[in-house]
*Asks:* 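If you scroll down you'll find the structure; I have some questions about it.
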Amino acid sequence: MLRSLASPGRWIGRVGAAALGGVLALALVAWAAEPQAPAPAAEELHDYQGVIHCHSLWSHDSKGTQEEIIAAAEKTELDFILMTDHPSEHSLTKALRGRHGRTWFLAGAEVDHWLGIDMRRRTRGRGVAAALGDLLEQDALAFVAHPEEFTDWDLPGYTGMEIYNIHADLKAEDVFRLASRAPRILFDPTMALPSILKAPTRNLKKWDELNQRRRVVGIAGNDSHQNVEILGRKIDKYEVSFGFVNTHLLASELSGEAIRDALVRGRVYVAFEAFGKARGFTCVVESGGETARMGEEITLAPGARLAARAPQAGSWRLVKDGQIIGQGEGNGFTAPLDAPGVYRVEVRTTWRKKVWPWIYGNPIFVRGSGGR
Ligand SMILES: [Zn+2]
Ligand SMILES: [Zn+2]
């Protein structure tokens with residue numbers, strides 16, 4: 001099962017699709033003669049990466065066109081974008097939906113502290129609780145946006161939260177400090193977002209605390225607006241914020257249903273792609289002959305272990321119930337597990353001679369044999 005999670009499956013899918021035209025005739029001939037190839041295992045998953053929380057010209061605070069968004073998605077090789085415009089007359093009726101180029105779009109909104117994902121209509125109620133109720137009623141998914149300002153954590157029914165938000169980092173910047181860094185940022189735009197990045201320690205603490213009592217899926221909020229300028233130059237163009245941090249989903253295919261399913265199940269990790277391409281990262285718990293992926297539950301058995309891999313070397317941290325209980329270096333990390341708990345891993349990596357946050361995996365829930 002571990003093997004089926006890694007990127008090779010995805011490549012086989014791509015190469016297969018690309019070659020399909022060329023070999024179709026041959027395949028039809030072979031079809032009659034050869035016994036049918038076994039169908040892929042039901043749980044075969046691919047690693048899709050994309051952007052959650054994106055604004056366009058339908059938001060009051062962005063002028064970004066849909067053409068610019070599609071082009072930037074192409075350039076940064078995004079598989080999906082979950083649009084979340086501030087509600088306006090056209091924010092849902094004219095929103096990007098379905099496939100455009102290589103990217104799958106779902107339409108939604110940022111409303112009353114929520115990211116509503118895959119919405120059909122605007123919410124009617126006002127306030128945090130009413131908006132959540134309306135999102136759930138129309139079968140949209142709800143994620144907490146800007147957790148640093150959020151207080152209504154005990155409301156039922158939401159799927160997850162942003163564990164990182166680019167715009168929150170920008171807003172937390174001191175204008176003078178930012179101005180002092182302007183020459184460097186203008187000289188080298190790839191430094192713009194790294195130079196404001198702060199490790200999301202408070203969000204992670206809240207996230208870990210919540211996962212002790214309910215399941216809360218962690219995502220990155222790109223909050224892309226393409227509206228921040230220094231000395232007349234945009235420092236947050238779509239291609240910059242899209243390429244900086246991504247949310248990865250382990251999904252059976254690229255479709256609205258499969259995207260929703262991966263999100264709901266927590267088969268998700270967050271990666272700062274600017275510091276290293278993360279596609280192919282895996283983290284599982286093996287216990288009693290079973291394997292649990294991120295977001296899944298498993299029962300603790302003797303010899304249980306966590307096993308994770310990343311496409312380049314990094315410094316690993318194993319977090320159990322909000323506490324760091326293990327560390328390691330390299331492309332992979334394994335640890336024996338001898339107690340029930342909520343386990344997740346973090347990876348840091350080196351970029352331009354500095355150590356940066358890189359990957360945050362969603363937790364795996366290890367239950368005691370008594371069901372704890
Ligand atoms: Zn906005
Ligand atoms: Zn926003």
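Order of listing sets the numbers, starting from 1, for every ligand and every atom in it.
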*Asks:* Hey, can you tell me if W153 and F150 have their rings parallel, tilted or perpendicular (30° and 60° cut-offs)?
*Replies:* perpendicular
*Asks:* Would you compute the distance between atom CG of D112 and atom OG1 of T123 and round it to the nearest 0.5 angstrom?
*Replies:* 6.5 Å
*Asks:* Near the Zn ion (ligand 1), which protein N/O/S atoms are found at less than 2.8 Å?
*Replies:*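 Near the Zn ion (ligand 1), below 2.8 Å, one finds D61 OD2, H86 NE2, H225 NE2.
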*Asks:* Measure from NZ or CZ of K354 to the centre of the six-membered ring of W356 and say whether it is under 6.0 Å with the direction within 45° of the ring axis.
*Replies:* yes
*Asks:* Can you name the residues that form a salt bridge (charged side-chain N to carboxylate O under 4.0 Å, His left out) with R215, not counting sequence neighbours?
*Replies:* none
*Asks:* Looking at Y158, I'd like to know if the NZ or CZ of R214 sits under 6.0 Å from its six-membered ring centre while staying within 45 degrees of the ring's axis.
*Replies:* yes
*Asks:* By the definition ring-ring contact (aromatic ring centres under 6.0 Å, His included), identify the one residue from Y48, Y269, Y360, F272 that meets it with H248.
*Replies:* Y269
